Amino acid sequence: MNALDWTVLLVTMVGIAAYGAWHTRHTDHLDTYLKGSNTTRWGTIGISVMATQASAITFLSIPGQGFESGIGFVQNYFGLPLALIIVCAVFLPIYRQLGVYTAYEFLGRRFDTKTRLLGAGLFLLQRGLAAGVTIYAPAIILATVLGWRLDLTIIGTGLLVIIYTVTGGSEAVSLTQKWQMGIIFGGMVTAFLILLARLPVGLGFAGAAHIAGAMGKLQAVDFSFDPDKRYTLWTGLFGGLFLSLSYFGTDQSQVQRYIGGAALREGRLGLMFNALLKIPMQFFILLLGALVFVFYLFQPAPVFYNRVEWQRHAGGSGGSTFRALEQKHALLHAANQERIRAWLDLRDRGNIAAEPAARAAMLAGQNDQEAVRKEAKSALLAADPLAKTKDSDYVFIGFILDQLPHGVIGLLIAVMIAAALGSKAGELNALGTTTTIDLWRHFRPLAAHDEARNVRVAKWLTACWGFVAIAFALFAGFAENLIEAINIIGSIFYGVVLGIFLVAFFLKKVGGTAVFWAAIVAQTLIFALYLLRHRVPALDISYLWYNLIGCAFCVALSLLLQTMLPDNTGHAPSQP
């Protein structure tokens, strides 16, 4: 990065944060601080919902997912549109009718205090962990690639988002997220166009798509019923439905984005905005990763994409092993370029007889390169057992730094940090709100006629969660692909929380005691499934199924326990 990149980066980041803090500096009512302005329109709500979900992990990790495994990850979102329709029809009207600050207030009115605290507690635990990943993810990659100190990167980005989130609350989050998403979309489209321009002359988008398809990177749908496969049509439709339904319907970081606003219609339109655009957006980002894969077929490609980690060992005492692997990979890479060009020539000339053999040779060459990459990862582990060998998260950031012009590099780094700030702000706002309303108010009631004190309490609790997230990120380490790490954490908790809410909405005869203990048992079951997945082969299933299993078990056990309790009636939510 040069001076131009730093200027673009700093002006973008500091400008957005200052804008949000300045425009909401006089927020002094708890209702506005926690819910945002009651004049917010559907466009702002829709963008805020999208920005809260689309963290920096989305723009760092998903292109790497497309590069490594193709666009099949998009199946993870197939259940999302239906989930948002259900949220619009069932969840949102009840939240607005009751005038709640948090989704867990509804549980208190429908059931009892212990069930409300359980729901809030599960959210705080899950989202608190996820907030640490959200801030850690971009920091570890940016620090590694750009040579920044990791701890200072974590602290710097964390403090920046704490300042404007604490200053302006929910309204500041929504205001800044509009500009952050504008920067994000502009940056990603710019990267896509430059990538197409940098492809070999005459190849173009169509030719690149043919190569990606031949290499197996464009298989969007897998109809397999194999439960071991993480991403299939069925895990996306069913596991993805329950994951999305729980996230958008019960996770306060999302609920808080749409329960305010001018009217019920605005919240519904904001959610439908996401139902229509989320899958195309994820598809576009995955496709970008698949095209980066094609790009590196014709350009010198590293044997390991976390180049800082690789160079650290290549320059050490065992450097000869690493240099030999580099040379072996480079020779195979050059040889396979000739095979790819031969296959393209036969395909363009319509030589149907010879094309299959050329394609098979091309794929065999690619497999040979992947075998060397596996050797490289084994060499890293032999040199350092703690080395992180998952390098797909470094592919896109490496492409940005190596291939894009200065100024655009600064813009794309700003995209990563803007996404981190937007998602982080939404999480902190929700964590502070839930702690204020669902926990603090039970032990230290908010002053009915002292709005300034109430807002101070909410601000302090929001800031505390920000510092907790920074502290967690400073000591965290994640071996999984980062986008998967976020979804795994969510899937462990979301199914059970969703089960509690489905009982609340649809099973009026089930009371708080039955659903409380059912949720405790169901959550214990999910923990056991996750912890035993490597020890018991039969339990090693896609994490997306945890959402369905946790939800179904919670609902079924609630019904069973209610039949055993002396009081066989629940109660409907009271009216505000």
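Keep in mind the model is a prediction, meaning the values are calculated, not measured.
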Taking the six-membered ring of Trp343 as reference, does the cationic atom of Arg339 (NZ for Lys, CZ for Arg) lie under 6.0 Å from its centre and within 45° of its axis? no
Atom pair NE2 (His210) and CZ (Phe205), whose distance is rounded to the nearest 0.5 Å: 10.0 Å
Side-chain touch Trp310/Asp391, heavy atoms, less than 4.5 angstrom: no
Beyond-backbone contact of Leu363 with Met215, side-chain heavy atoms, under 4.5 angstrom: yes
Return the CZ to CG distance between Phe295 and Leu196, rounded to the nearest 0.5 Å. 11.5 Å
For Tyr296, does the OH atom have more than 12 heavy-atom neighbours from other residues, nucleotides or ligands under 6.0 Å away? yes
Does a sphere of radius 6.0 Å around CZ in Arg535 hold more than 12 heavy atoms from other residues, nucleotides or ligands, not counting ones at 6.0 Å or beyond? no
Test side-chain contact (heavy atoms from CB on, under 4.5 Å) on Ile488 and Tyr530; report intermediate values, then the result. CA-CA 9 Å; Ile488 288 170; Tyr530 180 72; 3.7 Å; yes
Any chance you could lay out the side-chain contact (heavy atoms from CB on, under 4.5 Å) test for Gln523 and Leu125, step after step, and finish with the verdict? CA-CA 12 Å; Gln523 190 63 70; Leu125 177 60; over 6 Å; no
Does Leu531, at its CG atom, have more than 12 non-hydrogen atoms belonging to other residues, nucleotides or ligands within less than 6.0 Å? yes
Taking the six-membered ring for Trp and the full ring for Phe, Tyr or His, determine whether the centres of Phe527 and Phe493 are under 6.0 Å apart. yes
Side chain to side chain, Arg307 and Asp402, heavy atoms closer than 4.5 Å: yes
Does any part of the side chain of Tyr543, heavy atoms only, come nearer than 4.5 Å to the side chain of Arg533, both counted from C-beta? no
Closest contact, heavy atoms only, Ile352 versus Pro356: O-CD, 3.1 Å
Please verify the inter-ring angle class for Tyr77 with Phe73; under 30° counts as parallel, over 60° as perpendicular, anything in between as tilted. perpendicular
Closest non-hydrogen atom pair between Gly213 and Arg359, with its separation: O-NH2, 4.4 Å
Is it the case that the side chain of Lys217 and the backbone of Glu68 share a donor-acceptor pair, with hydrogens and angles ignored and the cut-off at 3.5 Å? yes
If I take atom CG from residue Asn306 and atom NZ from residue Lys377, how far apart are they, to the nearest 0.5 angstrom? 11.0 Å
Is the shortest heavy-atom distance from the side chain of Ile279 to the side chain of Pro81 under 4.5 Å? yes
What heavy-atom pair brings Leu243 and Gly490 nearest, and what distance separates the two atoms? CD1-C, 4.4 Å
Just so I know, are the side chains of Thr321 and His313 near enough to count as touching, which here means a heavy-atom distance under 4.5 Å? no
Main chain of Lys374, side chain of Ser378: is a donor-acceptor contact present, judged purely on distance under 3.5 Å? yes
Set out, in order, the CA-CA distance, both residues' side-chain angles and the distance that settles side-chain contact (heavy atoms from CB on, under 4.5 Å) for Ile413 and Ile397, then state yes or no. CA-CA 8 Å; Ile413 299 299; Ile397 188 71; 3.3 Å; yes
Could you measure the distance from the OG atom of Ser253 to the CZ atom of Phe123? Nearest 0.5 Å is fine. 5.5 Å
Examine distances only and state if a side-chain atom of Gln254 and a backbone atom of Val49 form a donor-acceptor pair shorter than 3.5 Å. yes
Validation row: Val303, Phe322 side chains within 4.5 angstrom (heavy atoms): no
Please check this pair: side chain of Asn2 against backbone of Asp5, looking for a donor-acceptor N/O pair closer than 3.5 Å. yes
Taking C-beta and beyond as the side chain, do Leu287 and Leu218 meet within less than 4.5 Å on heavy atoms? yes
May I ask you to decide whether Arg373 forms a salt bridge with Glu370, counting only side-chain N to carboxylate O separations under 4.0 Å? yes
side-chain contact (heavy atoms from CB on, under 4.5 Å) for Ile340 and Leu344? Distances and angles first, verdict last. CA-CA 6 Å; Ile340 295 170; Leu344 285 172; 4.2 Å; yes
How close do Tyr305 and Val395 get, counting heavy atoms only, and between which atoms? CG-CG2, 3.8 Å
Please find the pair of heavy atoms, one from Arg198 and one from Pro405, that lie closest to each other, and give the distance. NH2-CD, 4.3 Å
Minimal non-hydrogen separation, Gln337 against Leu297, with atom names: CG-O, 3.0 Å
Distance in Å, Leu381 CG paired with Thr389 OG1, rounded so as to fall on 0.5 Å steps: 5.0 Å
Within the distance-only criterion (no hydrogens, no angle test), does the side chain of Gln75 pair as donor or acceptor with the backbone N or O of Tyr231 below 3.5 angstrom? yes
Mind checking the CG-OH spacing from Asn547 to Tyr494? Nearest 0.5 Å is all I need. 9.5 Å
